[in-house]
Amino acid sequence: MSDGGNRERFDGQMQHWEGYLSSTPDMFGEAPSESARFALDVFRDDGARDLLELGGGQGRDTFLFAGAGMNVHVLDYSESAVATISEKARKRGLSGGVTTRLFDLRRPVPYPDGSFDACYAHMLLCMALIEEEIASLCREVHRVLRPGGIFIYTVRNTEDPHYGQGTYLGEGIYETKGGFIVHFFDREKVERLAEGFEIVGIDRCEETRLPKRLFRVILKKR
Ligand SMILES: C[S@@+](CC[C@H](N)C(=O)[O-])C[C@H]1O[C@@H](n2cnc3c(N)ncnc32)[C@H](O)[C@@H]1O
């Protein structure tokens, strides 16, 4: 698998996100997503405390987890995203429970093995990442989770209204009219990426506006 010669286009997404997130406060709204509410129940049942959040955006879900007493470590490659979450944490008196780091998730995750009880990634794996990069990120999540740790992620799927629209970049990846690159998943892709995990569930859910159609995937480290 390769990016089909689209490397510059994929790399440009960092600036694209930075532009949007720095000029659009609460781009996804202030309220936590339904996916985060669902995930919090699962994490609580599992007794999880230390959480890794991938692609936290402006923190709408971060503060649901932190407010429930979890220690949340957020990685995102947008400077504005990371600064916004840190500032919100300070204002809410939650700086002790929220750690942010500017980080490109195409690189190995910067934590030792077994650091976390759980990992959460809402609409991050379906960004401008080729399957090889997503597989490598899933292996990294597996590595930094403790045995039995839970990984919950959502991705836009091939039933999404935007699937098949815009410029095709290979592997089910499209650049939409708004200039965002989205990797649309089918069920087989979700299953391929679950190596080393027990698949606890693959559900369909929706995200407001459009609506975006998502898979919500619950994995447990074997
Ligand atoms: C669709 S938004 C979702 C934000 C947040 N999870 C939410 O639902 O509110 C995707 C986020 O992932 C970040 N992102 C995309 N690709 C990334 C990468 N390679 N490394 C780190 N962050 C990335 C973007 O900056 C953006 O904040």
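For ligands, and for the atoms within them, numbers begin at 1 and follow the listed sequence.
Each of Arg216, His122, Glu207 was compared with Thr154 under the side chain to side chain donor-acceptor pair (under 3.5 Å) criterion, and only His122 meets it.
Across every non-hydrogen atom of Tyr20 and Gly178, the tightest pair is OH-O, 4.3 Å.
Protein residues with a heavy atom closer than 4.0 Å to ligand 1 are Trp17, Leu21, Phe28, Gly55, Gly56, Gly57, Arg60, Asp76, Tyr77, Ser78, Phe103, Asp104, Leu105, His122, Met123, Leu124, Met127, listed by chain and number.
Asp186 and Thr158 are not linked by any side-chain donor-acceptor pair at a separation below 3.5 angstrom, with hydrogens and angles left out of the test. No hydrogens or angles considered: a donor-acceptor pair under 3.5 Å links the side chains of Thr62 and Glu53.
Aromatic ring pairs are classed by plane angle as parallel below 30°, tilted from 30° to 60° and perpendicular above 60°; the pair Phe180 and His16 is perpendicular.
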### Query
Run the ring pair (Phe, Tyr, Trp, His ring centres under 6.0 Å) check on Phe185 and Phe215 step by step: do they pass?
CA-CA 8 Å; Phe185 281 47; Phe215 281 133; 8.0 Å; no

